[in-house]
Protein chains: 2
Amino acid sequence: MAEHLTERSQNILEAIVEDYIASAEPVGSRAITRRHNFNLSPASVRNVMSDLEDMGFLCSPHTSAGRIPTEKGFQYYIDTLLQVRNLSPKEKQKLQKSYRFQGMKMEDIMQEVGRVLSGLSKYTGLVMAPKFSSTVFRQIEFIRLSQGRILVIYVSETGLVQNKIIEVDHSLTAHQLEQISNYLNAELTGLSIQEVRAKLNNELKEERVLYDQMRKQALSLSCAALQDEVEDRVYVSGASLMLEQPEFSTPQQMKRLMQALESKKLLIDLLDRSQAADGVQIFIGSDSSHIDLEDCSLITSNFSNKKGAIGSLGVIGPVRMDYSQVIPLVDFTAQLVSRVLEREIE
Amino acid sequence: MAEHLTERSQNILEAIVEDYIASAEPVGSRAITRRHNFNLSPASVRNVMSDLEDMGFLCSPHTSAGRIPTEKGFQYYIDTLLQVRNLSPKEKQKLQKSYRFQGMKMEDIMQEVGRVLSGLSKYTGLVMAPKFSSTVFRQIEFIRLSQGRILVIYVSETGLVQNKIIEVDHSLTAHQLEQISNYLNAELTGLSIQEVRAKLNNELKEERVLYDQMRKQALSLSCAALQDEVEDRVYVSGASLMLEQPEFSTPQQMKRLMQALESKKLLIDLLDRSQAADGVQIFIGSDSSHIDLEDCSLITSNFSNKKGAIGSLGVIGPVRMDYSQVIPLVDFTAQLVSRVLEREIE
DNA sequence: ATTAGCACTCATCTAGAGAGAGTGCTAACA
DNA sequence: TGTTAGCACTCTCTCTAGATGAGTGCTAAT
C-alpha cells in the first residue's frame, strides 16, 4: 500500500492535486509546467503522470483529457504531502469571534457551530450533539400534564435538557411525583445514563422493592423515561452550498446529494463512526461507505467535556475539497466547543 | 377582478388546469378534445383558449406550444372551480394512523407531522411549532449549573418545554433557587407569556419590591429567562422531493429552491402570515411575495389547543400542485394536531 | 356559431464539421 | 540514459443546418 514515490513524482502528484482542487478540471501536462517551476518539459511530466496512473494515483476521464487524482491519490496527498498549517493566534481569535455562544443552550450551540462551519468552509456543516446516554445524570423532574400523562424533564451535568412525555396507567399526585423525583435525584446523581439504566434494572429485579410502593413507582417511571430515546441529534447547515460545487452540477447529482444530506440516519452513522477515534478524521469518497456520498469527503473531529459527553462535528464537501483550509477549521472548532462545554459546568 | 366566464370557458379552463397539473406540460387544443368529451372541435377550443389568454388566465411559453395556466388561472381554478372533496371516514382513519404521536413530546410531534405531510403529499412538509410567547405559563424550574450560570426550564400548559441558560452576577444557592421558583410558580400559573412579561415588568417598577430580596431576584431572574427567545421553530421535511418536480429540473432552479427552503427566516415569515387568518389558506406563486419561491404554492392551516397556543403547518409544492389532494390533507392534519395537543392537557 | 383546412412558427432532435486540448509514441539530443 | 521536440491520434465540446412535429391563428365553408 505504502508505495514509494520519487521526489519528482511526489511533486507532480502534489501539483496535480492542488491544481485540481483549485479548478475542478482535469489537469494536463502542459498546465503543470506552466503553473509550477519544475524544470521539466510537458513530455517528461507526461511520463511521470503515466506512471502515477499505472500506480493508481491518477486516472483520466477519457484519452484526451488531463488527469484527475483518484481517491487513492487524494489519500496519499493527505497522508504524506499535505502540510496542515496551524492557525495563527490571530486566525484563532478571529475564528473564535465568529462563534457567539453567549448564553446559549446546547441545541443553539450545536446549530450555531454548524452554521459557522458551513459559512467559513463554504461546504456543508455537520454537528452531532452528544448522545444523551453518554451524559451524566444530574436531575430529573416530573410534571403532571393530565390524567395519566407525565412530562419528564431530565437534565445532564452539562446542562443538556431532554424531555419526554410518558403515559402511566395509574394516576399520581403532584406530591407523589415530587417524592419520586426527590428520591431519584438523591439516588442517581453523578451516574452516567448507562449506569443509571443498569441500576434501575437491577433494583427493579430485587423483590423487596415491590413492597415499597413509592420506590417501585419511582423506578418504573424513570425506566420509562429513559427508555429508547431515539434522538435526532444531527444538525446540517448549508446543504445548498454544495450545489455550487461543479461535481454536483447535474440535476441527478444534485438530487442524490440532497437526498443523502436529508437522511439523518446516514449522517448519524457516519458521525458515530467518527466518534470511535480521536482527533481529526478524514473520510474520503467511498470510504464513507455510502454510495450516495461517493463524491464527498468528510472531515470530522470530536468534542467533549471532562464528564465525557461526546459529540462530533465536521464538514462535508466534495472529495476535491480544500483540505488545508478545512482541517484546521474543524480541528480548532472542536477544541473550542469542548472548551465552551467545559466552561458550562466548570 | 371577478370576471365572468361562460360555462364553456370554465369547463375548458378547468380541463387545462387539470391536464397541466397532471402532465406539467403545456396543453394544446387537440389534447383537450381528445381527453375530455366536450362536443367541440379543436378549433373551437382554440377560440376559447385565445379568449382566456386575453383575459390573463392562460399564457403560452411560445407561439407553437400549448397553453399553461397563469397564476391568475390557478387562482380562479382554486376559488371557483375546484371542489375539495371531503375525506371519507375511512380515509380519515387511514391518515390518522399514519401519525404515531404516542408518547411524543412537542418537538417530536412537529417533526413527525412534517414527515407525514411530506410523505403523503410528495411535496415538502412545513410545520411551525407554537410560538412560545403565545403559550400559557405552567411551571418554571431553575437549576444551578455553575457559579453564575443557571439553567432555566420553563414548561407551558401544553407541555412545551423551553430551556435557556442565563448568566447572573450574584451566585444563588439551590435553596434560594427553589424558593424563587416556588414563588414564581405560585404567582404566574395560568397567565400567558405576554401577561407574565407585563406582570413582571410592572412589579419590578414598584418600589416596595426592592425591599424584598427574594422577590426581586425572582423577578429579575424570570425576566432574563423569558427575554428575547429567538426560536427556530420551523421544521422542513422532504425538501429533496421537490427536486423530482419538473419545474425544478434545471440546476439553477434547484439551487434557488434549496436555498429558499434552507432559509428558515423566509419560511417563518410565510407561516407567520398564515397565522393571521383562519382555516386553510393558499398562497399561489408570487403571492408568497418571495422571489425565490415564485414557482411554489403554499397550502397552510393553523392548529391550536384551547389555551390558544397557535402553530401552523402546511405543504409547499410547485404552483402546479395537486390542490385537490393536498388541501384536505393539510386541513385534516391541522385538526388532528389540534386534537392531539388538546388531549395533552385535557 | 362551428369547423375543416392550411400556412406558419418555434422548440427539439439529429448528424456532421471543426476546433481545441491532451495524450502516447518515436526519434533525436545532451 | 534521462529528457525533449515533433507529430499523429483520440476524444469532447460547440456550432450549424436540416428535419420533425406539435400547436397555433386565420380564413373560408358549413
Side-chain angles (χ1 to χ4, degrees), chain A residues 5-13 15-17 19-20 22-70 73 246-247 249-251 253, chain B residues 5-13 15-17 19-20 22-70 73 246-247 249-251 253:
Chain A
L5 294 185
T6 64
E7 198 183 327
R8 174 188 289 180
S9 301
Q10 288 196 346
N11 288 338
I12 289 179
L13 178 55
I16 293 174
V17 172
D19 283 10
Y20 181 65
S23 71
E25 312 242 294
V27 346
S29 54
R30 199 61 207 289
I32 290 186
T33 55
R34 230 184 296 120
R35 225 173 336 242
H36 303 75
N37 286 25
F38 310 129
N39 283 323
L40 286 176
S41 72
S44 304
V45 173
R46 276 206 286 282
N47 289 330
V48 177
M49 284 166 87
S50 184
D51 294 347
L52 286 169
E53 179 163 6
D54 284 346
M55 287 186 272
F57 292 108
L58 299 178
C59 66
S60 41
H62 55 86
T63 47
S64 79
R67 303 294 210 302
I68 62 180
T70 58
E247 24 272 282
S249 60
T250 74
Q253 292 164 326
Chain B
L5 293 184
T6 64
E7 198 183 326
R8 174 187 291 181
S9 301
Q10 287 195 347
N11 288 337
I12 289 181
L13 179 57
I16 292 174
V17 172
D19 284 10
Y20 181 65
S23 72
E25 312 241 294
V27 348
S29 53
R30 199 61 207 287
I32 289 187
T33 56
R34 228 182 299 121
R35 224 171 338 239
H36 303 76
N37 286 25
F38 310 130
N39 283 322
L40 288 176
S41 71
S44 307
V45 173
R46 276 206 287 281
N47 289 329
V48 177
M49 284 166 87
S50 184
D51 295 346
L52 286 171
E53 179 163 4
D54 285 345
M55 286 187 272
F57 292 108
L58 299 178
C59 66
S60 41
H62 54 86
T63 47
S64 79
R67 302 294 209 302
I68 60 178
T70 58
E247 24 272 282
S249 60
T250 73
Q253 291 164 326

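Chain identifiers are assigned alphabetically (A, B, ...) following the order of the sequence lines, protein sequences preceding nucleic acid strands; residue numbering begins at 1 within each chain. Only this structure's heavy atoms are used, side chains among them; waters, hydrogens and symmetry mates stay out.
In this structure, the CD1 atom of I32(A) is 14 Å from the C1' atom of dA21(C), given to the nearest Å. The CD atom of E25(A) sits 20 Å away from the P atom of dC11(D) (whole-angstrom rounding). Rounded to whole Å, the distance from CG on D51(A) to P on dG24(C) is 10 Å. Note: NE2 (H62(B)) to P (dG25(D)) measures 13 Å, nearest angstrom. If you take OH of Y20(B) and C1' of dG23(D), they are 17 Å apart, rounded to a whole angstrom. Distance I68(A) CD1 to dT12(D) P: 14 Å, rounded to the nearest Å. If you measure from atom CG of N47(B) to atom P of dT24(D), you get 11 Å, rounded to the nearest angstrom. A straight line from CD of E53(B) to P of dG25(D) spans 7 Å, rounded to a whole angstrom.
Of the residues near DNA chain C, L40(B) and P61(B), the one whose nearest nucleotide (by heavy atom distance) lies more toward the 5' end is L40(B).
Comparing dT24(D), dA21(C), dC10(C) by their closest approach to the side chain of S64(A) singles out dA21(C). Of the listed nucleotides (dT4(D), dA11(C), dG23(D)), dG23(D) has the atom at the smallest distance from the side chain of R30(B). Side-chain proximity of A43(A) to the nucleotides dT12(D), dA11(C), dA5(D) is greatest for dA5(D). Side-chain proximity of S29(A) to dT2(C), dT23(C), dG25(D): nearest is dT23(C). Set against dT24(D), dG24(C), dA4(C), the side chain of M49(B) has dT24(D) as its closest nucleotide.
Between R67(A) and dG22(C) there is no side-chain polar atom (N or O) within less than 4.0 angstrom of OP1 or OP2. For S44(B) and dT2(C), the shortest distance from a side-chain N or O to OP1 or OP2 is not below 4.0 Å. Side-chain N/O atoms of R8(B) include one lying less than 4.0 angstrom from OP1 or OP2 on dT2(C).
If you take OG on S29(B) and CZ on R67(B), they are separated by 8.5 Å, rounding to the nearest 0.5 Å.
Without hydrogens or angle criteria, T70(A) side chain to F57(A) main chain gives a donor-acceptor distance under 3.5 Å.
Residue contacts for T63(B): at a heavy-atom cut-off of 4.0 Å it reaches the sugar-phosphate backbone alone, with no base atom in range. The residue S60(B) sits apart from the nucleic acid: no heavy atom pair falls under 4.0 Å.
A side chain to side chain contact (heavy atoms under 4.5 Å, CB included) with H36(B) holds for exactly one of D19(B), I12(B), I16(B), N11(B); it is D19(B).
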Taking it one step at a time, do Q253(A) and E247(A) satisfy side-chain contact (heavy atoms from CB on, under 4.5 Å)?
-> CA-CA 8 Å; Q253(A) 292 164 326; E247(A) 24 272 282; 5.6 Å; no
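For the pair C59(B) and I68(B), the minimum side-chain heavy-atom distance is below 4.5 Å.
Residue side chain R46(A) reaches the base of dG24(C) through a donor-acceptor N/O pair under 3.5 Å, judged by distance alone.
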